[in-house]
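The chains referred to below are lettered A, B, ... by the order of the sequence lines, with proteins before strands, and numbering in each begins at 1.
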2 protein chains.
Amino acid sequence: MVNMSLSDFELEVMQIFWQLKEASAPEIHKIIEKKRAVKYSTVKTIIDRLEKKAAVARSRSEGRIIFYLPVMEKQNVRTPLIKEFINRVFLGKSRPLVAHIIEQEQLSIKDIEYLESVLREKKKELK
Amino acid sequence: MVNMSLSDFELEVMQIFWQLKEASAPEIHKIIEKKRAVKYSTVKTIIDRLEKKAAVARSRSEGRIIFYLPVMEKQNVRTPLIKEFINRVFLGKSRPLVAHIIEQEQLSIKDIEYLESVLREKKKELK
DNA sequence: CTAGCATCTCTACACCCGTAGACTTACTGT
DNA sequence: ACAGTAAGTCTACGGGTGTAGAGATGCTAG
């Protein structure tokens, strides 16, 4: 069961778990419902699938309500996704992706200065 | 039919079209086959779907062989994909994605210096 | 204690996508 | 001219995914 990938919706739910640490299906449902119409059972199905994939695990109950904790870690999910994305969209070359983001996406002066420092660090490391 | 998104495989084929400009199904098949086993008819199906989506168009024939040209442009496909990816995986925040790539992906000194210059340009623009 | 509601569980379904076989058709070399 | 083959067309199918209903079940307020 290693290397299980997450669907879009599953990832969306994991993002919420990573933020809240612990959450129940009703909570997750209420949060997602603010953005778009979705039935409780739909959300619960996704959480069930996450549980089957061992991405989350039951931690405790309050009455009938089951609480879950994220098991898969953000970094462990994101890293392969980034690699895949770069392969898929940029033929494995990260430089043009980074350049594109810097040029096209909204970055504040603070963001830029931060990224400059990250680059400086990296350069030091390479030399 | 605007805003048609491409599947993984469709995107893979488009990448080849963007490189070759003009290509036939047999050519594309031969290229992909070098990487993994896939039947001709599979590749042809993908090209047919790309044609239906107006991502490629027939340009000419040589005997029975149909040649196609890419119609969708690389930038027009990539830009929304990047946006989606940042939303999906980084909750819309591009800075941590860029930082991650700089730290984790392989970049040469030349890449880094190039990206530094891109950042410098961007900073100028913002001030 | 009971009615009603919230939550859980289980099942289902349609769509997309990767995959490819079967069949047709038109070149090409002898 | 014809056989063989390469290319094209058409159809199909299973798995993953988003979606949700139906039914069971256990809290909770009155």
Please identify each residue that fulfils side chain to side chain contact (heavy atoms under 4.5 Å, CB included) with Arg60(B), with sequence neighbours left out. Glu22(B), Glu62(B), Phe67(B)
Residue pairs, two or more places apart or on separate chains, that pass salt bridge (Lys or Arg N to Asp or Glu O under 4.0 Å) and touch residues 70-79 of chain A: none
Heavy-atom side-chain proximity of Ile32(A) to Val13(A) below 4.5 angstrom: yes
Between C1' of dC10(D) and CD1 of Ile46(B), the distance in whole Å: 15 Å
Atom CD1 in Ile46(B), atom CD in Glu51(B): separation rounded to 0.5 Å? 13.5 Å
Distance-only check: which donor-acceptor pairs under 3.5 Å involve side-chain atoms of residues 88-107 of chain A, not counting sequence neighbours?
{"from": "Arg88(A)", "atom 1": "NH1", "to": "Asp8(B)", "atom 2": "OD1", "distance (Å)": "3.2"}
{"from": "Arg95(A)", "atom 1": "NH1", "to": "Asp111(B)", "atom 2": "OD1", "distance (Å)": "3.1"}
{"from": "Glu105(A)", "atom 1": "OE1", "to": "Lys83(B)", "atom 2": "NZ", "distance (Å)": "2.9"}

Taking only residues two or more places apart in sequence or in another chain, which ones pass side chain to side chain contact (heavy atoms under 4.5 Å, CB included) with Thr45(A)? Arg49(A)
Quick check on contacts: within residues 9-20 of chain B, what sits under 4.0 Å from DNA chain C by heavy-atom distance? Phe9(B)
Could you state the atom-to-atom distance from CD1 of Ile65(B) to C1' of dT9(D) in whole Å? 16 Å
Could you tell me which residues satisfy ring-ring contact (aromatic ring centres under 6.0 Å, His included) with Phe85(A), sequence neighbours excluded, listed by chain and number? Phe85(B)
Under 4.0 Å between any heavy atoms, over every strand shown, what does Thr42(B) touch: base, sugar-phosphate, or nothing? Just pick one. base
Whole angstrom value for the distance that separates P of dT17(D) from CZ of Arg88(B): 11 Å
Contact between Lys122(B) and Val118(B) at the side-chain level, heavy atoms closer than 4.5 Å - yes or no? no
Among all residues two or more places apart in sequence or in another chain, which pass the side-chain hydrogen bond (donor to acceptor under 3.5 Å, both in side chains) test with Lys124(B)? Glu121(B)
From CD1 of Ile47(A) across to P of dT19(D) the rounded distance in Å is 14 Å
Shortest non-hydrogen separation from Met72(B) to Trp18(B) and the atoms involved: O-NE1, 3.0 Å
Salt-bridged, Asp48(A) to Lys44(A), with N to O below 4.0 Å? yes
Any N/O pairs under 3.5 Å between the protein and nucleotides 9-12 of chain C? List them or say none.
{"from": "dT9(C)", "atom 1": "OP2", "to": "Lys44(A)", "atom 2": "NZ", "distance (Å)": "2.9"}
{"from": "dT9(C)", "atom 1": "OP2", "to": "Arg58(A)", "atom 2": "NH2", "distance (Å)": "3.3"}

Expected string for nucleotides 25-30 of chain C under the B/S/- scheme (protein heavy atoms, under 4.0 Å, primed atoms plus P, OP1, OP2 as sugar-phosphate) is BB----
Rounded interatomic separation in angstrom, taking CG from Leu6(B) and C1' from dC16(C): 13 Å
Tell me, please, which residues at least two apart from Ile31(A) pass side chain to side chain contact (heavy atoms under 4.5 Å, CB included). Ile16(A), Leu20(A)
Residue set satisfying side chain to side chain contact (heavy atoms under 4.5 Å, CB included) with Leu126(B), at least two apart, ordered chain then number -> Ile109(A), Ile112(A)
So which of residues 27-39 of chain A are in contact with DNA chain D, with a heavy-atom cut-off of under 4.0 Å? Arg36(A), Val38(A), Lys39(A)
